[in-house]
Participant: 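My structure is below; once you've seen it, I'll send some questions.
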Amino acid sequence: AQSPDRYLPDLAATLVRLATFLREQNRDLDALNANMEGLKILRGLAEKNPESHKPHMAMTLNSLAVIQRDQGRGEDARKSSEEALRIYRSLTTENTERYQPYVAVTLENLSVLHREQNHSGEARKIYEELVATYRSLAARDPQTYLPDVALLLNQLGDFHREARRE
C-alpha cells in the first residue's frame, strides 16, 4: 500500500489554487483559510525535503501576504512576505538566475506594505535593494528588466524628494 503522504504535495497545490479562485470570487476569508491550510502542508513537506518544497512554500507565503494585505492585516502580510523573502534569498544562493526575479517580486510586495503602513524609511531601503536587484537582472536581460530599473529609480527619487519636504 502506498503512503497517503504521497498525495500531500498535490493537496497543497490544489489548496493554493483554490485560494486563488476564492480570492477572485471575493471570498477572502475562505481564500485565507485555504491558503493557510496549503501552507501548513508545505511546511511539513519542506521539513522533510526542502529542495522540492521551499520554492512552493515561498510562493504560497507571497499569495498569503496579498490576501492578508487585502484584508487589512498589514502586520501579518509583512511577516508572510518577509518569510517568503528569506526563503527566496536562500534559494538565490543556490540558483541566482532562477530565484532572483522572485526576490524582486517579494521586495516589491514588501515595499507596498511599508508604504501603506507609512513606514517610508523601510520602503525606501527596500526600493534601494530593488534597484540593485533589478540592475543585476538587467545585466543579464536588459530588454526585460531595464524598464523596471528606470521605474524604480524614479520612485526612489520620489522618496528622496518627499524626505526633503519632511
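Just so you know, residue 1 is the first one in the sequence shown, and it goes up from there. Everything quoted here is computed from the prediction, not taken from an experiment.
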Participant: Please determine whether a side-chain nitrogen of the Lys or Arg among R161 and D158 lies less than 4.0 Å from a carboxylate oxygen of the Asp or Glu.
Facilitator: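 A salt bridge is present here (some side-chain N lies under 4.0 Å from a carboxylate O).
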
Participant: Are K125 and E128 close enough, and set up right, to give a salt bridge (charged side-chain N to carboxylate O under 4.0 Å, His left out), and what steps lead you there?
Facilitator: CA-CA 5 Å; K125 287 179 195 172; E128 289 171 353; over 6 Å; no

Participant: Do R23 and T20 make a side-chain contact, defined as non-hydrogen atoms from C-beta onward lying under 4.5 Å apart?
Facilitator: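 A side-chain contact under 4.5 Å is absent here.
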
Participant: Quick one: CG on L39 to OG1 on T60, what's the gap to the nearest 0.5 Å?
Facilitator: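 Rounded to the nearest 0.5 Å, the CG-OG1 separation comes out at 6.5 Å.
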
Participant: If the threshold is 4.0 Å, N to carboxylate O, is there a salt bridge linking E82 and R78?
Facilitator: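 Between R78 and E82 there is a salt bridge, with a charged N closer than 4.0 Å to a carboxylate O.
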
Participant: Atom NE2 of H119 and atom CG of L110: how far apart are they, to the nearest 0.5 Å?
Facilitator: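 The NE2 atom of H119 sits 12.0 Å away from the CG atom of L110.
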
Participant: Consider side chain to side chain contact (heavy atoms under 4.5 Å, CB included). Of V105, V103, L61, which one does L85 pass it with?
Facilitator: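 It is V103; the other options fail the test.
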
Participant: For residues 28-42, pull every pair meeting side chain to side chain donor-acceptor pair (under 3.5 Å), keeping only residues two or more places apart or in separate chains.
Facilitator: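 Side chain to side chain donor-acceptor pair (under 3.5 Å) check on residues 28-42 returns R27-D30.
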
Participant: Tell me which donor-acceptor pairs under 3.5 Å the side chains of residues 5-16 have, and how far apart each pair is, sequence neighbours excluded?
Facilitator:
unit_1: R6; atom_1: NH1; unit_2: Q2; atom_2: OE1; d: 2.2
unit_1: T14; atom_1: OG1; unit_2: D10; atom_2: O; d: 2.8
unit_1: T14; atom_1: OG1; unit_2: R17; atom_2: NH2; d: 3.4

Participant: Please list, chain by chain and in numerical order, all residues satisfying ring pair (Phe, Tyr, Trp, His ring centres under 6.0 Å) with H56, sequence neighbours excluded.
Facilitator: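 Not a single residue meets the ring pair (Phe, Tyr, Trp, His ring centres under 6.0 Å) criterion with H56.
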
Participant: Mind checking the OG-CG spacing from S63 to L32? Nearest 0.5 Å is all I need.
Facilitator: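 Between S63 OG and L32 CG, I get 11.5 Å after rounding to 0.5 Å.
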
Participant: Under a single-linkage definition using a 4.5 Å side-chain heavy-atom cutoff for Ile, Leu, Val, Met, Phe, Trp and Tyr, are V66 and L107 assigned to the same hydrophobic cluster?
Facilitator: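 In one cluster: no.
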
Participant: Does any N or O in the side chain of Y88 come within less than 3.5 Å of the main-chain N or O of M59, such that one atom is a donor and the other an acceptor?
Facilitator: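 Side chain of Y88 to backbone of M59: a pair is present.
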
Participant: Could you check whether atom CD of Q143 has more than 12 heavy atoms from other residues, nucleotides or ligands sitting under 6.0 Å from it?
Facilitator: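 Atom CD in Q143 is not packed in, count stays at 12 or less.
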
Participant: Could you tell me whether R43 atom CZ has more than 12 heavy atoms of other residues or ligands within 6.0 Å of it?
Facilitator: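 Enclosed.
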
Participant: May I ask you to test the L91-N95 pair for a side-chain heavy-atom distance under 4.5 Å?
Facilitator: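 In short, these two side chains do not touch, never coming nearer than 4.5 Å.
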
Participant: Can you tell me if M36 has over 12 outside heavy atoms packed within less than 6.0 Å of its CE?
Facilitator: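 No, the 6.0 Å shell around CE holds no more than 12 heavy atoms from other groups.
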
Participant: Looking at V149 and A138, what are the two nearest heavy atoms and their distance?
Facilitator: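 So the two residues come closest at CG2-CB, 4.1 Å.
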
Participant: How long is the gap from CG on L130 to CG on L152, to the nearest 0.5 Å?
Facilitator: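 It is 5.5 Å, given to the nearest 0.5 Å.
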
Participant: Shared ILVMFWY cluster between M57 and L64, side chains joined below 4.5 angstrom?
Facilitator: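 In one cluster: yes.
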
Participant: Tell me the closest heavy-atom pair linking A65 and S80, and the distance in Å.
Facilitator: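 Heavy-atom minimum between the residues: CB-CB, 3.9 Å.
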
Participant: Just jot down the ring pair (Phe, Tyr, Trp, His ring centres under 6.0 Å) partners of Y99, sequence neighbours excluded, or say none.
Facilitator: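 Partners of Y99 under the ring pair (Phe, Tyr, Trp, His ring centres under 6.0 Å) test: none.
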
Participant: With sequence neighbours left out, write down each residue that passes side-chain contact (heavy atoms from CB on, under 4.5 Å) with R140, or none if nothing qualifies.
Facilitator: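 Result, side-chain contact (heavy atoms from CB on, under 4.5 Å) vs R140: T96, E97, Q100, S136, L137.
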
Participant: Which heavy-atom pair separates P147 from P142 by the least distance, and what is that distance?
Facilitator: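 Scanning both residues completely, I find the closest heavy atoms to be CD-O, 3.9 Å.
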
Participant: For a quick check under 3.5 Å, do S81 and N109 share a side-chain donor-acceptor pair by atom type?
Facilitator: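 Short answer, no.
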
Participant: Looking only at heavy atoms, which two atoms of G74 and L113 are closest? And how far apart?
Facilitator: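 Shortest heavy-atom separation between G74 and L113 comes out as O-CD2, 4.1 Å.
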
Participant: Quick one: do V131 and Y145 end up in the same hydrophobic cluster if we chain Ile, Leu, Val, Met, Phe, Trp and Tyr together by side-chain heavy atoms under 4.5 Å apart?
Facilitator: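 Yes, same cluster.
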
Participant: Which atom pair, heavy atoms only, marks the closest approach of L29 to Q71?
Facilitator: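 Shortest heavy-atom separation between L29 and Q71 comes out as N-NE2, 3.4 Å.
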
Participant: Nearest 0.5 Å, please: how far is CG in L151 from CG in L146?
Facilitator: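 So the CG of L146 and the CG of L151 are separated by 12.0 Å.
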
Participant: Does the distance from a Lys or Arg side-chain N to an Asp or Glu carboxylate O, for R69 and D76, drop under 4.0 Å?
Facilitator: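 Between D76 and R69 there is no salt bridge, as every charged N stays at least 4.0 Å from the carboxylate O atoms.
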
Participant: Just verifying a value: how many Å separate H114 NE2 and I126 CD1, rounded to the nearest 0.5 Å?
Facilitator: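 These two atoms lie 4.0 Å from each other.
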
Participant: Do Y134 and E129 get their side chains close enough for a donor-acceptor pair, meaning under 3.5 Å?
Facilitator: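 The answer is no; no qualifying pair exists.
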
Participant: Restricting to side-chain contact (heavy atoms from CB on, under 4.5 Å), what partner residues turn up for N49, sequence neighbours left out?
Facilitator: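 Counting only residues at least two positions away or on another chain, N49 forms a side-chain contact (heavy atoms from CB on, under 4.5 Å) with E51, S52, H53.
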
